[in-house]
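Remember, it's a predicted structure, so these values are computed and weren't measured experimentally.
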There are 2 protein chains.
Amino acid sequence: MDDQTDQTRKPRADAIRNRERVLEAAKAVFSAGGPEASLEAVAKRAGVGIGTLYRHFPTREDLFEAVYRREVEQLSELAEQLKSAKDPVDALRRWLRSGVEFVATKKGMVAALALAVQSGSELHAFSFDRLTKATGSLLDRAVAAGEMRADISPEDLLRAFFGMCYIHDQPGWQSTALRLLDVFVDGLRVQPKSSPRGPAKTKSRATKRKR
Amino acid sequence: MDDQTDQTRKPRADAIRNRERVLEAAKAVFSAGGPEASLEAVAKRAGVGIGTLYRHFPTREDLFEAVYRREVEQLSELAEQLKSAKDPVDALRRWLRSGVEFVATKKGMVAALALAVQSGSELHAFSFDRLTKATGSLLDRAVAAGEMRADISPEDLLRAFFGMCYIHDQPGWQSTALRLLDVFVDGLRVQPKSSPRGPAKTKSRATKRKR
DNA sequence: TGTTAAGCGGAGGGTGCCTCCGTATCTTCC
DNA sequence: GGAAGATACGGAGGCACCCTCCGCTTAACA
């Protein structure tokens with residue numbers, strides 16, 4: 001798009017490498033320890049000095065933001081891949097399930113992201129837009145195939161998804177969320193005329209709660 | 001209910017006083033500085049030593065929780081008072097507006113509360129229950145007076161309220177939220193047959209954005 | 001009024017934040 | 001290939017905050 005035609009040198013190789021390392025380490029550390037995690041721990045894990053970390057990401061928020069962007073992009077790419085799956089409804093379902101897993105494994109990350117989203121609304125806009133597009137592309141395909149009702153917007157779907165993940169601190173939340181998602185996707189489905197409402201085939205209906 | 005009949009001394013007067021002071025100070029400091037605010041600042045503002053603060057509230061979360069409980073109770077009491085107002089619809093509206101103000105003035109507090117709610121679900125249950133009851137009592141009165149539709153539950157109303165405050169980081173959010181609330185309350189109203197929809201009388205429609 | 005335990009304050013050791021600057025390394029130009 | 005200069009690196013150091021610990025103070029009770 002806009003390559004800087006200023007006579008700026010291209011960035012040094014080690015700088016690029018270090019930036020990458022820090023991002024990788026930050027993702028791991030924040031996932032485990034939440035948004036409060038020590039930046040010095042991040043630097044150590046990345047194998048760089050604390051000064052280097054601060055040069056690349058002057059504030060904690062900058063670092064969050066960078067990690068966040070990357071995660072969102074990754075989710076979007078998954079949607080891209082799923083677009084070539086055979087069954088469009090299943091593709092959508094799989095994507096949403098990945099979203100749950102994303103929330104589950106990131107744990108601390110989620111709180112961090114919430115923080116990041118609070119502080120900068122530009123980032124919020126970016127990610128919402130990105131996820132909406134990803135959802136939309138999967139949704140459209142299912143609708144085009146005549147397998148889903150057409151009156152649900154990607155935004156609605158996203159909101160529903162976030163709503164279902166809202167309980168992500170309760171004990172058995174993950175299986176609950178997955179079950180809700182299944183029900184929801186079933187509801188999105190164009191009902192076959194034969195059965196007014198096909199039973200949702202709840203697999204693992206056990207309300208297994210661990211601690 | 002259960003006064004301790006054990007032969008325990010009654011708590012010392014200074015202990016009670018100090019606990020109160022710390023709570024007061026914490027409310028102020030967290031409101032201004034958010035959940036990260038220094039506990040030492042809280043102690044200083046309360047005019048007690050840091051050790052005293054930690055004795056009363058061993059962890060940061062304990063302190064949050066105590067402040068939170070008290071705030072929720074205060075909101076509930078406001079509802080109690082409003083129940084004796086003449087116009088039941090107006091009472092409900094006023095209560096909701098107070099909720100917006102609550103969110104607005106507390107600013108940092110809100111993030112803190114979110115944290116507190118995350119960590120302990122018992123607290124969450126308590127506060128949700130409390131607020132639901134408060135909302136319900138106001139809602140019921142309006143419905144009983146024949147001025148509001150009867151098919152909205154207090155929970156729904158609360159959820160809608162939280163949804164409208166969700167944007168509480170955007171610049172002009174407060175006037176937006178108040179406007180949304182007005183519209184919503186109008187919508188709850190039993191429509192008089194004469195006018196199909198009374199205009200919502202948007203006062204201050206300026207989208208004043210500061211910063 | 002004396003006894004006693006509950007409560008108080010703040011010093012201090014530990015950790016993390018962030019800045020600053022001498023040193024090391026990469027890029028560019030010859 | 002080598003010199004020059006820009007760019008990036010690392011980590012010491014000053015500061016703020018966290019939380020514990022313990023000698024001193026003071027309220028409750030007899």
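- The separation between Lys44(A) atom NZ and dG10(D) atom P is 14 Å, rounded to whole Å.
- Both Arg55(A) and Ala37(A) lie near DNA chain C, and the one whose nearest nucleotide falls closer to the 5' end is Ala37(A).
- The distance from atom OG1 of Thr59(B) to atom CZ of Phe64(B), rounded to the nearest 0.5 Å, is 9.5 Å.
- The distance from atom NE2 of His56(B) to atom P of dA6(C) is 14 Å, rounded to the nearest whole Å.
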How far apart are the C-alpha atoms of Asp14(A) and Arg17(A), what are their side-chain angles, what is the distance that settles it, and do they pass the side-chain contact (heavy atoms from CB on, under 4.5 Å) test?
CA-CA 5 Å; Asp14(A) 54 347; Arg17(A) 182 169 15 94; 3.3 Å; yes
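- In the interface, the side chain of Glu40(B) is paired with the base of dC19(D) through a donor and an acceptor atom under 3.5 Å apart.
- Ion pairing between a basic and an acidic side chain is recognised when a charged N comes within 4.0 Å of a carboxylate O; Glu73(B) and Arg69(B) show no such pairing.
- To the nearest angstrom, C1' of dC17(D) lies 13 Å from CD of Glu36(A).
- Across the protein-nucleic acid pair, Phe57(A) atom CZ and dA8(D) atom C1' stand 14 Å apart, rounded to whole Å.
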What's the verdict on salt bridge (charged side-chain N to carboxylate O under 4.0 Å, His left out) for Glu80(B) and Lys83(B), showing C-alpha distance, side-chain angles and the deciding distance?
CA-CA 5 Å; Glu80(B) 202 61 32; Lys83(B) 258 168 56 176; 3.5 Å; yes
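- Positionally, the nearest nucleotide of DNA chain D for Gly51(B) lies more toward the 5' end than for the other of Gly51(B) and Lys10(B).
- Taking 3.5 Å as the limit, the base of dA6(C) and the side chain of Arg12(B) contain a donor-acceptor pair of atoms between them.
- Taking only side-chain nitrogens and oxygens, Asn18(B) comes nearer than 4.0 Å to OP1 or OP2 of dC8(C).
- Within the structure, every side-chain polar atom (N or O) of Thr52(A) is placed at least 4.0 Å from both OP1 and OP2 of dA8(D).
- Here dC9(D) presents its P atom at 13 Å from CD of Glu20(A), a figure rounded to the nearest Å.
- Salt bridge present: Asp186(B) and Arg93(B) bring a charged side-chain N and a carboxylate O closer than 4.0 Å.
- Straight-line distance from the CZ atom of Arg60(B) to the P atom of dC19(D): 7 Å, rounded to whole Å.
- Rounding to whole angstrom units, CD1 of residue Ile16(B) and C1' of dC8(C) are separated by 15 Å.
- You'll find that the side chain of Leu39(A) is closest to dC18(C), out of dC18(C), dC29(D), dA27(D).
- Checking dA12(D), dG7(C), dT20(D) against the side-chain heavy atoms of Ile50(B) singles out dT20(D) as nearest.
- Note: CD (Glu61(B)) to P (dC18(D)) measures 12 Å, nearest angstrom.
- Considering only side-chain N and O atoms, Ser38(A) lies under 4.0 angstrom from the phosphate OP1 or OP2 of dC17(C).
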